[in-house]
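Taking it in order: structure first as C-alpha cells, then the write-up.
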Amino acid sequence: MKPRRPLVDALIKFQQQKPISFHVPGHKNGELSMLPEEIRNALAYDFTELTGLDDFHYPQEAIKEAEQLLSEVYGVNQSFFLVNGSTVGNLAMVHAVCKEGDVVIVQRNSHKSVFYALELTKVKPVYIMPEWDEQSKTAIGVALEDIQKAVAQYPAAKAVILTYPNYYGMAAEDLGEIVSFCHLQGIPVLVDEAHGAHFQIGSPYPVSAVACGADVVVHSAHKTLPAMTMGSFLHSTGNLVDRKKIKKYLRMLQSSSPSYLIMASLDDARAFVQSYAPEDVRNFEDKRNQFVESLAAIPHLEVFQSDDPLKLMLRVPRYSGFQLQQCLENVKIYGELADPYQVMLILPLLKKTQTYPFAEIRSRIKQAVQEIVKEIPEAISVKMPYRQEKVSMPELSFEEMDTEDREWISYTEALGRISAAMVVPYPPGIPLILPGEKWNVAKLEELMDYLATGAQIQGEHRLAEKLICVVPQ
C-alpha cells in the first residue's frame, strides 16, 4: 500500500480548485513569474497558510498529520518539519536545553551551526577532540572514555552535543554507550545526524542516533532523502528534554512564511523512507556493489567505502582531492566535497523501480582519471589534525568575547594570540579554530597546509591578505 502524504494531497486538492490569489506570495500562483517555465510550474503550489492548508507553527490538520506520520516512522515521541535546514534544528535544540552560563560538552568537529547555537545561548562549551581515522583520513566521533572524562571534570554539564555520522559517513561505534552513560548521569544527548536521515531504513546502514536513544536528533532530509534543499527533520524522545521548549524555539527561529514546497517534499521524503522495502534494499545494494567494483577496476583510481553505503571516497595516489575534483567537474561529475586526499560522492538512494546512469558515470570518471595522471602531482603536506587536549575549554567565554576589541594581524604573527573569529575550511564546515581559542603551532601549521592545497576557507578572515582576527593583547 502506498503511504499517505497528507500535506502533498492537501496542496494538490487546493490547487485543483483553481484558486484566485489576493494573498502573498506576490507571484500569484506563478502567474506573474518571469522564471523559466520548468521552474514557474512549481510556483502553482507555492502557497501560504490558507484555509485548508493548516498553520505551520500551530498545526491542526494536514501538517499535524504529516508530522505525526513522521514520528511514527522514526519511532519517536514527536517530530517536526524544519524549513530553515538543520541549522535551525541545531539552534532550537540547544536553546531548549541550555541557558546562559551552562556548561555544555560539545564534540570538537561539530558543524558550524552548533557553534553558532553555543554562542547565541552564551553557554560555557567544553570541547572534546574526536578520534582520527587513518583509513578514511577524517576526524570521526568522540570516544566514550573522553565523554566520561569530561563529565567527571564538569559534572554540572547540562547537555552533550554530538555529530553522527561525520560528513564522510563514518559512524562512531561508541554512540549507544555514550547515550546510556549520559542518561545515567541525567544528561540529555543532542545529536546532529544531518547525514543520517536514511539510517532508519536499517541494515546495511549504520544504526541511527534515534535507535541509540538520543534525546533530540536533527536530520537533513535533503542530504540523502528526496527532499528539497533546506528541508530537515527534528525528532524528540524521552523525558530529559522539554518538548514545549523545542516548539517555542522553533516558532521563534523558523520563518513565519514557511515554504509549502519544502514541506511537501518533507512529507514525500517521509513516505519514501516508510515505503523503502527489503527488495529496494537488496536491489540498491546490488547496483551499488556493481558500481563500486567497476570503479575499482579503473587504473590509478582507489575507492574507499564509508560506513554509510551512500558515501564513496575516490582517490588517485599522489594527486590531491582538489585536482581530482577539477578533472571530474571537467567531465560534468560533481561530487559533494574534496579535501587534500580525496573526493567524496553521495550516491542516490534508489528504489527498485528507479534507475541512475552508473555506466555513463563510470565512463566519465575513467576519463577524468586518465586526464589527471597527465598532470603534475600536487604534494600532499597536510598532517594529522592538531593534537590538543582531549577535553578543553576556550581561553575566553562568549560573554567575555563580546566585550573585547578586535585587531587584524598576519597569521605568521598569531602564535599565542586568542582568536576573535571562527576559521572554517569548507567543506566539511568544521571549524579549525573558534572564538576564544588560542592559536598554537599545530593549528597554524594546519591552516597553512589548507591554504597551500587551495582549500576554501570560510569564516571571518582576510586570508587573501594573510590576515586573521584576534583579541588585542
Side-chain angles (χ1 to χ4, degrees), residues 103-120 122-132 137-139 142 146 150 153-154 161 163 166-167 322 339-341 379-473:
V103 173
V104 180
I105 297 170
V106 187
Q107 186 170 322
R108 182 62 183 77
N109 62 325
S110 295
H111 188 265
K112 57 186 176 182
S113 61
V114 171
F115 296 105
Y116 293 151
L118 302 179
E119 185 172 356
L120 286 171
K122 295 186 177 181
V123 299
K124 296 178 179 178
V126 175
Y127 298 132
I128 309 294
M129 278 294 289
E131 300 294 299
W132 175 258
K137 300 189 183 300
T138 65
V142 297
D146 293 327
Q153 287 184 235
Y154 302 94
I161 305 173
T163 300
N166 75 353
Y167 208 127
F322 303 112
D339 66 27
Y341 305 102
I380 300 175
S381 59
V382 174
K383 301 176 182 178
M384 289 182 57
Y386 53 83
R387 295 296 183 183
Q388 60 186 44
E389 289 183 297
K390 283 287 189 177
V391 180
S392 64
M393 292 190 78
E395 301 288 327
L396 296 179
S397 68
F398 292 119
E399 186 176 17
E400 290 170 324
M401 289 295 298
D402 282 343
T403 63
E404 292 285 348
D405 292 327
R406 301 179 174 196
E407 66 175 334
W408 293 92
I409 65 169
S410 169
Y411 63 74
T412 60
E413 301 172 353
L415 184 63
R417 301 294 296 273
I418 294 175
S419 179
M422 187 185 300
V423 175
V424 190
Y426 196 90
I430 298 169
L432 173 62
I433 198 164
L434 293 156
E437 290 190 322
K438 185 177 290 186
W439 283 102
N440 57 28
V441 171
K443 290 181 184 179
L444 287 168
E445 285 182 349
E446 190 172 358
L447 173 63
M448 288 185 279
D449 286 339
Y450 272 114
L451 293 173
T453 55
Q456 181 183 359
I457 310 292
Q458 294 189 349
E460 188 179 355
H461 63 77
R462 288 158 53 187
L463 286 169
E465 305 168 57
K466 298 184 177 181
L467 298 177
I468 57 176
C469 191
V470 297
V471 173
Q473 288 182 325

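- Residues satisfying the side-chain hydrogen bond (donor to acceptor under 3.5 Å, both in side chains) test with Glu460, not counting sequence neighbours, are Arg406.
- Around the CD atom of Glu399, the shell of radius 6.0 Å holds no more than 12 heavy atoms that belong to other residues, nucleotides or ligands.
- Partners of Glu407 under the salt bridge (Lys or Arg N to Asp or Glu O under 4.0 Å) rule, at least two apart in sequence or in another chain, are Arg417.
- Screening Arg108, Met129, Glu131 against Asp146 for a side chain to side chain contact (heavy atoms under 4.5 Å, CB included) leaves a single residue, Glu131.
- Residues Ser410 and Leu467 share a closest heavy-atom pair of N-CD2, 3.7 Å.
- In this structure, CG in Leu444 is found 8.5 Å from CG in Leu432, a value given to the nearest 0.5 Å.
- Shown here are the side-chain hydrogen bond (donor to acceptor under 3.5 Å, both in side chains) partners of Gln473, two or more places apart in sequence or in another chain: there are none.
- Side-chain atoms of Phe398 and Pro125, non-hydrogen and from C-beta on, do get closer than 4.5 Å to each other.
- The shortest side-chain heavy-atom distance between Gln153 and Val391 falls under the 4.5 Å cut-off.
- For the pair Leu447 and Leu463, the minimum side-chain heavy-atom distance is below 4.5 Å.
- Residues satisfying the side chain to side chain contact (heavy atoms under 4.5 Å, CB included) criterion with Lys124, sequence neighbours excluded, are Val103, Met393.
- The line from OG of Ser419 to CH2 of Trp439 is 6.0 Å long, rounded to the nearest 0.5 Å.
- Residues Ala414 and Ile468 come closest through the heavy atom pair CB-CD1, 3.4 Å.
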Check against side chain to side chain contact (heavy atoms under 4.5 Å, CB included), Met401 and Glu119: CA-CA 10 Å; Met401 289 295 298; Glu119 185 172 356; over 6 Å; no
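- Pro340 approaches Phe322 most closely through the heavy-atom pair N-CE1, 3.6 Å.
- Listed here is the closest heavy atom pair of Tyr116 and Met422: CE2-CE, 3.7 Å.
- Among residues two or more places apart in sequence or in another chain, the side-chain hydrogen bond (donor to acceptor under 3.5 Å, both in side chains) test is passed with Glu413 by none.
- Asp405 places no side-chain N or O within donor-acceptor distance of the main-chain N or O of Pro472, the cut-off being under 3.5 Å.
- Exactly one residue among Gln107, Lys390, Glu437 makes a side chain to side chain contact (heavy atoms under 4.5 Å, CB included) with Tyr127. That residue is Glu437.
- Not counting sequence neighbours, Lys466 has no partner by the salt bridge (Lys or Arg N to Asp or Glu O under 4.0 Å) test.
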